[in-house]
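Heads up: the structure comes next, in structure tokens.
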Amino acid sequence: MTEETKSLNFIEHIIEEDLANGMAKDTLRFRFPPEPNGYLHIGHTKAIGISFGLGEKYNAPVNLRFDDTNPAKEEQEYVDAIKRDIAWLGYQWANECYSSDYFQQLYDWTIQLIKDGKAYVDSQSSEAMAEQKGTPTQVGTNSPYRNRTVEENLELFQGMKDGKFEAGTHVLRAKIDMEDPNMLMRDPLMYRILFAHHHRTGNDWCIYPMYDWTHGESDYIEQISHSLCSLEFKPHRKLYDWFKEQIYDYNKTEYPLLPKQREFARLNLSYTIMSKRKLLKLVEEKLVSGWDDPRMPTISGLRRRGYTPNAIKKFVETVGVAKRENVIDVSLLEFCIREDLNKTANRVMAVLNPVKLIITNYPEGKVELLDAENNPEDENAGSHKVPFSRELYIEKEDFKEDAGSKYFRLTLGKEVRLKNAYIIKGENVVKDADGNITEIHCTYDVDSLSGSGTEASVRKVKGTLHWVSIAHAVQAEVRVYDRLFSDEAPDSHKDKDFMEFVNPNSLTIVNAFVEPYLKEAKVGDRFQFQRLGYFCVDKDTTAEKLIFNKTVGLRDTWAKIKPKLQENQAKPQQKQQHQRPPIEEIKQLGKKYTNLPEEKQQIAKEKIQALAENVPYEDLEPLFATAAKKSGTRIAAMITLGVLLKNGQERNGNINEFIEKALDDKNELLVAEAKQL
RNA sequence: UGGCCCAUGGUGUAACUGGCAACACGUCUGUUUUUGGUACAGAAGAGUCUAGGUUCGAGCCCUAGUGGGCCAACCA
């Protein structure tokens with residue numbers, strides 16, 4: 001058994017506890033309840049991963065339930081997209097459910113509640129009701145309609161259902177407690193009149209149930225054991241429980257299990273937004289090409305960008321589940337996709353920013369078909385042929401006339417390897433009138449062909465370049481993406497709208513040259529463009545035109561070195577430490593002082609003494625009052641005091657008292673320090 | 001002038017109350033390499049928001065403070 005015991009997250013702990021307390025494993029059941037009012041994004045992926053992941057872990061069913069109680073915002077397009085995305089991620093739902101399927105049941109229960117005096121029709125304006133609701137710090141007051149008779153309520157509610165009233169004239173409210181500190185308990189709305197076409201129920205209803213009433217009861221009807229949602233629903237839990245307890249009496253034999261709502265922190269990603277409303281705005285204002293624009297953090301966008309379900313799942317697994325607000329660094333997402341693609345994507349060569357390279361000693365008109373390994377990480381990936389000739393394209397970035405020793409690429413008089421081909425040496429350059437390099441001339445070592453086994457072929461050269469034969473190159477459009485927002489948290493600024501941070505340069509279209517092998521590529525195929533990054537074939541590709549999306553770049557150490565080299569010449573600069581006051585550091589050192597082994601204690605003492613040089617007496621004095629038992633802190637204070645006294649601090653009553661008290665202490669270390677003073 | 005939730009390296013998540021707090025990403029070194037990728041080896045970086053308390057012993061329990069989040073849609 002090499003099974004590694006992974007630590008459980010808090011939700012798994014809850015489930016394990018429930019199981020331990022006698023809950024039958026086969027009653028476990030979960031659900032993912034999106035509202036079909038937009039596309040799913042990477043944040044939803046966490047919720048999906050949690051509930052579907054739990055389903056897999058416990059072999060329990062997971063329902064996909066569309067929370068479709070607001071016909072004004074919801075559309076079939078979104079239902080289809082949501083199903084497509086979840087299926088693409090590789091999850092299978094047990095049942096496809098719709099809250100709207102429960103409208104009748106919900107209605108029947110509502111009649112019961114009215115009869116039991118637990119709900120009433122209110123006929124005020126929304127403004128009047130809002131006023132009576134109070135505020136978070138102020139209790140509410142009862143509606144004048146709160147005590148309508150059951151008969152009157154029944155009749156009015158029937159009228160609402162029958163379409164006898166205009167929208168906004170009446171609502172149905174639960175009768176709970178207008179003084180509850182939780183505002184959701186102050187007679188929440190259960191139904192409103194809405195003359196709108198519903199994507200499933202058409203015009204059958206003109207009253208629609210509200211979220212709290214619908215969601216919890218949908219869970220109950222489906223007998224969901226654990227209803228998991230994000231943190232902002234925590235206050236709803238009290239209402240969730242209230243409704244479910246009222247209903248329980250009506251149907252306990254049919255629906256014996258009471259679901260349990262638990263909340264986790266939603267996922268936030270740096271440099272992007274996670275709000276369907278805001279994403280919709282980007283779509284509507286055409287800042288992106290649609291919900292599936294590869295720059296969008298939607299699942300559809302990520303898919304089109306070239307992300308894989310595995311990478312996304314790994315990502316969600318890695319970020320974990322907890323209750324504190326978090327912002328995940330995009331670098332983690334990028335790590336996950338690179339890790340996956342590194343193992344699975346075939347290597348090819350493509351030049352995005354070309355400059356002509358002529359091998360002057362290579363015969364004109366000669367073409368060789370060279371072997372190119374598809375994937376060094378996968379022995380079974382095979383290889384393909386790549387044509388080589390006298391005139392090639394290489395990246396402009398890969399040549400420099402005057403290069404320093406840190407530059408491993410092509411320069412005059414030095415040798416580099418052309419990937420899968422020969423070793424070449426830079427000879428000279430041809431420039432246009434403006435001084436731009438138009439051609440690079442080089443010579444090649446005839447015996448150095450990759451894989452030929454000759455002595456020359458195994459010579460070590462500093463750099464390896466990718467290239468493509470001009471005569472054989474296929475033109476392709478490459479869409480290179482930068483982050484959609486320039487700010488780390490675009491929607492977290494009170495004073496600025498997230499739209500202000502939209503990066504105007506998030507898309508760059510490049511006309512690239514790719515090796516002919518790519519002519520066969522199909523929409524969705526993923527490749528590594530050697531030395532550049534991962535790319536996938538976009539759905540806009542036609543028979544005439546190949547289009548690639550850049551998924552993510554390779555890790556680029558050179559990109560990090562380059563600016564440093566320039567910087568070093570520019571400025572000497574000393575680095576700014578984030579400084580905490582020295583007394584704070586002393587307190588910290590002191591806290592653990594007594595637990596340290598002797599050797600480390602000595603080091604800590606020296607540190608304290610050094611820090612003490614910069615401690616003003618006013619900072620130290622409060623520490624004299626440290627509780628007797630916190631001897632570590634007192635020792636640190638004593639050491640500090642020693643330094644201060646040495647530096648001319650005068651003794652006073654407080655100081656003497658502190659020393660006296662220390663001399664009487666049972667901690668020997670403290671006594672020793674005190675004696676020295 | 002309320003209620004609820006949260007607080008652990010730069011980021012995210014762990015840690016049965018018990019030995020100088022672990023893992024991943026990120027950062028930095030080095031080795032290998034026909035990708036300045038990958039892989040491998042290693043390093044730096046927190047002493048767990050603060051103050052009290054309980055305990056022989058607290059990141060974990062209690063109290064208070066501080067900081068952050070959520071709650072006043074006929075949205076979900």
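What you are looking at is a predicted structure, and each value in this text was computed from that prediction instead of being measured. Basis for what follows: all heavy atoms, side chains included, without hydrogens, waters or symmetry-related copies. First the proteins, then the strands, lettered A, B, ... as listed; each starts at 1.
Between Asn342(A) and Asp329(A), the one whose closest nucleotide on RNA chain B sits nearer the 5' end is Asp329(A). Mapping Leu333(A) and Ile328(A) onto RNA chain B via the closest heavy atom, the residue that lands nearer the 5' end is Ile328(A).
G37(B) and U29(B) are spaced 12 Å apart, taking the P atom of each and rounding to whole Å. Rounded to whole Å, the separation between the P atoms of A21(B) and G10(B) comes to 16 Å. On the P atoms, C5(B) is 22 Å away from G9(B), given to the nearest whole Å. C61(B) and U48(B): their C1' atoms are spaced 16 Å apart (whole Å). As rounded to the nearest Å, U63(B) and U27(B) have P atoms that lie 42 Å from one another. Of the P atoms belonging to A24(B) and G42(B), the separation is 12 Å, rounded to the nearest Å. Taking the P atom of each, A58(B) and A51(B) are spaced 14 Å apart, rounded to whole Å. Nucleotides C60(B) and G47(B), compared at atom C1', are 14 Å apart to the nearest Å.
Looking at heavy-atom distances under 4.0 Å, Val458(A) makes no contact with the nucleic acid at all. When heavy atoms are screened at a 4.0 angstrom cut-off, Gln528(A) is found touching base atoms of the nucleic acid. Nucleic acid contact for Lys560(A): sugar-phosphate only, since backbone atoms but no base atoms lie under 4.0 Å from a heavy atom of the residue. Note on Arg347(A): a base of the nucleic acid sits closer than 4.0 angstrom, heavy atoms only. Residue Lys314(A) is classed as having no contact, given no heavy-atom separation below 4.0 Å to the nucleic acid. Here Asn420(A) lies in heavy-atom contact (under 4.0 Å) with a base. Lys276(A) comes within contact range of no nucleotide atom at all, as no heavy-atom separation falls under 4.0 Å. Val139(A) comes within contact range of no nucleotide atom at all, as no heavy-atom separation falls under 4.0 Å. Nucleic acid contact class of Arg555(A) (heavy atoms, under 4.0 Å, all strands): sugar-phosphate only. Heavy atoms of Gly533(A) sit nowhere under 4.0 angstrom from any nucleic acid atom. Counting any heavy atom pair closer than 4.0 Å across all strands shown, Leu532(A) reaches no nucleic acid atom.
Side chain of Asp329(A) to backbone of Leu332(A): no donor-acceptor contact under 3.5 angstrom is found.
A 3.5 Å limit on both hydrogen-bonding distances identifies no Watson-Crick or G-U partner for A44(B). In this structure, C23(B) forms a base pair with G12(B), meeting either the Watson-Crick or the G-U wobble geometry with both donor-acceptor distances under 3.5 Å. For U63(B), the paired base is A51(B) (Watson-Crick or G-U wobble, both distances below 3.5 Å). Nucleotide C4(B) forms a pair with G69(B), judged by Watson-Crick or G-U wobble geometry with both contacts under 3.5 Å.
In this pair, Phe527(A) and Tyr517(A) present their aromatic rings perpendicular. The plane angle is above 60°, beyond the 30 to 60° band.
Between the CD atom of Gln138(A) and the C1' atom of U1(B) there is a distance of 9 Å, given to the nearest Å. Rounded to whole angstrom, the span from the CD atom of Glu379(A) across to the C1' atom of A39(B) amounts to 14 Å. For the pair Lys462(A) NZ and U32(B) P, the interatomic distance rounds to 11 Å; values are reported in whole Å. Rounded to whole Å, atom P of G12(B) lies 11 Å from atom CG of Leu267(A). Separating the CG atom of Asn326(A) from the C1' atom of A24(B) is a distance of 15 Å, rounded to the nearest angstrom.
Closest to the side chain of Lys323(A), from the set C5(B), C25(B), A15(B), is C5(B). Considering only the side chain of Tyr407(A), G36(B) comes nearest among G26(B), G36(B), C5(B). Closest to the side chain of Arg531(A), out of A15(B), U35(B), U13(B), is U35(B). Taking the side chain of Lys419(A) as heavy atoms from C-beta on, and the options G36(B), U35(B), A14(B), the nearest nucleotide is U35(B).
By the 4.0 Å N-to-carboxylate-O rule, Lys425(A) lies too far from Asp445(A) to be salt-bridged with it. Under 4.0 Å is where a charged nitrogen must lie from a carboxylate oxygen, and between Lys278(A) and Asp491(A) at least one such pair does. A salt bridge links Lys314(A) and Glu339(A); the closest N-O separation between the charged side-chain nitrogens and carboxylate oxygens is under 4.0 Å. Salt bridge annotation for Glu263(A)-Arg237(A): present, with a cationic side-chain nitrogen under 4.0 angstrom from a carboxylate oxygen. A salt bridge links Asp371(A) with Lys385(A): the closest approach of a Lys/Arg side-chain nitrogen to an acidic carboxylate oxygen falls below 4.0 angstrom. Classification of Arg266(A) and Glu232(A) as a salt-bridged pair holds, one side-chain N sitting under 4.0 Å from a carboxylate O.
The base of G37(B) sits with one of its N or O atoms less than 3.5 Å from a complementary donor or acceptor on the side chain of Glu377(A). A donor and an acceptor atom sit less than 3.5 Å apart, one in the side chain of Arg409(A) and one in the base of G36(B).
For G52(B), the base is anti relative to its sugar; the glycosidic angle deviates from 0 by more than 90°.
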Check your understanding: Base, backbone or nothing for each nucleotide of nucleotides 70-76 of chain B, written B, S, -, heavy atoms under 4.0 angstrom, 5' to 3'?
Key -> SBB-BSB

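In this model, the phosphate group of U33(B) is not approached by any side-chain N or O of Thr464(A) to a distance below 4.0 Å at OP1 or OP2.
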Practice item. Could you check His236(A) against Tyr240(A) for ring-ring contact (aromatic ring centres under 6.0 Å, His included), going step by step and ending with a plain yes or no? Key: CA-CA 6 Å; His236(A) 293 250; Tyr240(A) 182 97; 9.8 Å; no

Exercise for review: Go through Tyr534(A) and Phe529(A) one step at a time and tell me if the ring-ring contact (aromatic ring centres under 6.0 Å, His included) criterion holds.
Suggested key: CA-CA 6 Å; Tyr534(A) 297 96; Phe529(A) 287 3; 9.7 Å; no

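Looking at heavy atoms from C-beta onward, Arg338(A) lies in side-chain contact with Arg555(A) at the 4.5 angstrom threshold.
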